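Report on one structure; see the data block that follows.
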Amino acid sequence: MSIEVREVTKYYGSQKALDNVSFTVKTGEIVGFLGPNGAGKSTMMKIITGFVPASSGKVEVCGIDSGKGDLTIRNTIGYLPENNPLYPEMFVREYLGFVASFYKFPGSRKKAIDNIIVTTGLASEQNKKIGALSKGFRQRVGLAQALIHSPGVLILDEPTTGLDPNQIVEIRNLIRETGREKTIMLSTHIMQEVEAICDRIIIIDKGVIVADETREGILSKVRKQSQRVTVEFDRDPGEELLHSLGGPITTTKTGNNKWLIESAGDEDIRPQVFSFAVRYNLTVLSMQKEGSSLEEVFRTLTS
């Protein structure tokens with residue numbers, strides 16, 4: 001395992017930020033680490049990277065105990081914190097050289113800097129001051145400093161915060177490319193980002209893990225709880241008549257003669273809707289079964 005978290009609890013004074021958290025991340029996985037504000041995401045990431053000690057429990061990264069202050073773990077992990085601390089008065093290449101000086105390289109340090117500048121798309125900006133860069137390029141510099149020493153594990157805390165849609169796509173593609181060779185743990189509030197990048201999803205709420213599965217596995221749990229269809233009739237049957245479908249259902253009018261019908265349980269309700277239409281001499285113009293979105297799952301598990 002690249003990351004192994006065992007029964008980690010963290011207190012800040014009397015406040016419990018993490019409560020007996022355990023999970024593992026395999027080599028080569030890209031894992032989305034989700035949770036509402038204050039759920040404990042950043043605290044867990046800081047414990048994994050060794051910046052904050054756990055109150056109890058143990059974290060190992062590539063077999064190294066992150067709580068023992070062993071500096072070798074710094075060569076194992078690349079870390080991009082949420083606020084991406086940079087030195088705005090330094091030039092891009094100068095800054096990356098400064099960061100590279102903290103690490104031992106098997107080859108040329110200059111070659112490592114050249115390679116990471118190309119990998120992160122910073123070639124056109126390498127001789128500019130960091131303070132003069134756009135937010136998107138500053139994020140690229142943050143990723144470059146996290147990758148400069150070629151770590152096996154990459155921890156990214158809100159890597160696309162504040163970026164415009166084009167910049168988000170650029171950084172997302174960069175993370176996806178990087179993930180082919182490394183283990184990545186990614187914290188974000190952008191659900192589309194998780195769906196586009198991650199192999200697996202861990203959701204934390206109030207310091208407790210509430211879900212840890214593949215994306216499809218999490219979505220299937222919610223599908224078993226309810227079935228939803230959007231149906232358009234040739235005329236409006238009205239809410240009262242729709243409830244003659246039977247069973248515990250909820251109905252929401254979404255347009256002219258168009259309704260969202262939700263039924264509890266995992267039984268497909270489309271045959272019932274067709275029978276209902278025949279019974280009341282209605283024509284079904286369209287009907288679509290609605291899938292569960294990751295955003296819906298997130299709200300369900302953390303509300």
Side-chain angles (χ1 to χ4, degrees), residues 1-13 15-35 37-87 95-106 109 112 116 139 141-159 161 175 178-179 181-188 198 200 202 204 207-209 212:
M1 298 295 176
S2 285
I3 302 173
E4 188 167 359
V5 177
R6 296 197 295 270
E7 299 178 349
V8 167
T9 296
K10 175 63 179 177
Y11 284 95
Y12 290 109
Q15 182 180 353
K16 185 185 286 187
L18 296 171
D19 186 3
N20 201 38
V21 172
S22 297
F23 61 85
T24 59
V25 181
K26 297 177 183 177
T27 302
E29 274 191 308
I30 302 180
V31 174
F33 193 45
L34 310 181
N37 290 332
K41 302 187 302 298
S42 293
T43 295
M44 188 71 256
M45 288 184 152
K46 288 173 183 175
I47 290 173
I48 292 172
T49 55
F51 283 94
V52 171
S55 300
S56 63
K58 188 174 183 180
V59 175
E60 289 187 354
V61 180
C62 298
I64 304 170
D65 189 337
S66 69
K68 289 189 174 179
D70 188 341
L71 290 180
T72 58
I73 201 169
R74 299 288 191 266
N75 279 321
T76 304
I77 297 175
Y79 180 39
L80 176 62
E82 182 178 2
N83 60 356
N84 189 15
L86 300 170
Y87 294 100
Y95 171 71
L96 293 177
F98 171 65
V99 173
S101 68
F102 301 150
Y103 301 103
K104 293 181 179 178
F105 287 85
R109 183 174 286 119
I116 202 62
Q139 286 297 93
V141 174
L143 279 171
Q145 66 80 26
L147 291 165
I148 187 74
H149 57 298
S150 192
V153 175
L154 195 57
I155 306 293
L156 307 176
D157 195 355
E158 303 285 351
T161 297
I175 293 170
T178 303
E181 302 175 351
K182 303 184 184 302
T183 300
I184 297 179
M185 192 165 177
L186 168 75
S187 171
T188 181
C198 299
R200 186 169 132 230
I202 299 173
I204 187 170
V208 177
I209 301 294
D212 180 359

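All of these numbers come straight from a predicted model, not from anything done at the bench.
- To the nearest 0.5 angstrom, Asp157 atom CG is 9.0 Å from Asn83 atom CG.
- Between Ile3 atom CD1 and Glu60 atom CD the span is 12.0 Å, to the nearest 0.5 Å.
- Nearest heavy atom pair, residue Lys46 against residue Thr49, reads O-OG1, 3.1 Å.
- Atom OG of Ser42 and atom CD of Glu82 lie 5.0 Å apart (nearest 0.5 Å).
- Counting heavy atoms from C-beta on, the side chains of Leu86 and Tyr95 come closer than 4.5 Å.
- In this structure, Val208 and Val21 have side chains that are not in contact, with every pair of non-hydrogen atoms separated by 4.5 Å or more.
- The main-chain N or O of Gly35 is found under 3.5 Å from a side-chain atom of Lys41 such that the two form a donor-acceptor pair.
- For the pair Ser56 and Glu7, the minimum side-chain heavy-atom distance is 4.5 Å or more.
- At a threshold of 4.5 Å between non-hydrogen side-chain atoms, the residues Pro151 and Thr76 do not count as touching.
- The closest donor-acceptor contact from the side chain of Arg109 to the backbone of Ala100 lies under 3.5 Å.
- Ser66 places a side-chain N or O within donor-acceptor distance of the main-chain N or O of Ile47, the cut-off being under 3.5 Å.
- Of the possible donor and acceptor atoms, one in the side chain of His149 sits under 3.5 Å from a partner among the backbone N and O of Arg74.
- Side-chain contact between Ser150 and Lys182 is present, with at least one heavy-atom pair separated by less than 4.5 Å.
- Note that CG of Leu156 is 6.0 Å distant from CG of Leu143, once rounded to the nearest 0.5 Å.
- Contact check for Ile184 versus Glu29: no side-chain heavy atoms found under the 4.5 Å cut-off.
- Ring pair Phe102/Phe98 is perpendicular by interplanar angle, where above 60° counts as perpendicular and below 30° as parallel.
- Residues Thr188 and Leu34 share a closest heavy-atom pair of O-CD2, 3.3 Å.
- A side chain to side chain contact (heavy atoms under 4.5 Å, CB included) with Val25 is found for one member of Thr183, Val5, Ile48, Val61 and no other, namely Thr183.
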Show your reasoning for whether side-chain hydrogen bond (donor to acceptor under 3.5 Å, both in side chains) applies to Thr9 and Ser55. CA-CA 6 Å; Thr9 296; Ser55 300; over 6 Å; no
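- Residues Ala144 and Leu96 share a closest heavy-atom pair of CB-CD2, 3.8 Å.
- At a cut-off of 3.5 Å, with distance as the only test, a side-chain donor of Thr43 or Tyr12 sits close to an acceptor on the other residue.
- Under a 3.5 Å cut-off, the side chain of Lys10 and the backbone N or O of Pro53 do form a donor-acceptor pair.
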Walk me through it: do Tyr103 and Ile148 pass the test side chain to side chain contact (heavy atoms under 4.5 Å, CB included)? CA-CA 9 Å; Tyr103 301 103; Ile148 187 74; 4.1 Å; yes
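- Within the 4.5 Å cutoff, no side-chain heavy atoms of Arg6 are placed close to those of Val59.
- The closest side-chain heavy-atom distance from Met45 to Ser187 is below 4.5 Å.
- Salt-bridge annotation for Arg200 and Asp212: present, with a side-chain N of the basic residue lying under 4.0 Å from a carboxylate O of the acidic one.
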Go through the steps for Leu80 and Gln145 under the test side chain to side chain contact (heavy atoms under 4.5 Å, CB included), then give the verdict. CA-CA 8 Å; Leu80 176 62; Gln145 66 80 26; 4.3 Å; yes
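- Minimum heavy-atom separation, Val153 to Cys62: CG2-SG, 3.8 Å.
- Although no hydrogens or angles enter the test, the distance criterion places a donor-acceptor pair under 3.5 Å between the side chain of Gln139 and the main chain of Pro159.
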Would Ile155 and Ile77 count as a side chain to side chain contact (heavy atoms under 4.5 Å, CB included) here? Give the steps. CA-CA 7 Å; Ile155 306 293; Ile77 297 175; 4.0 Å; yes
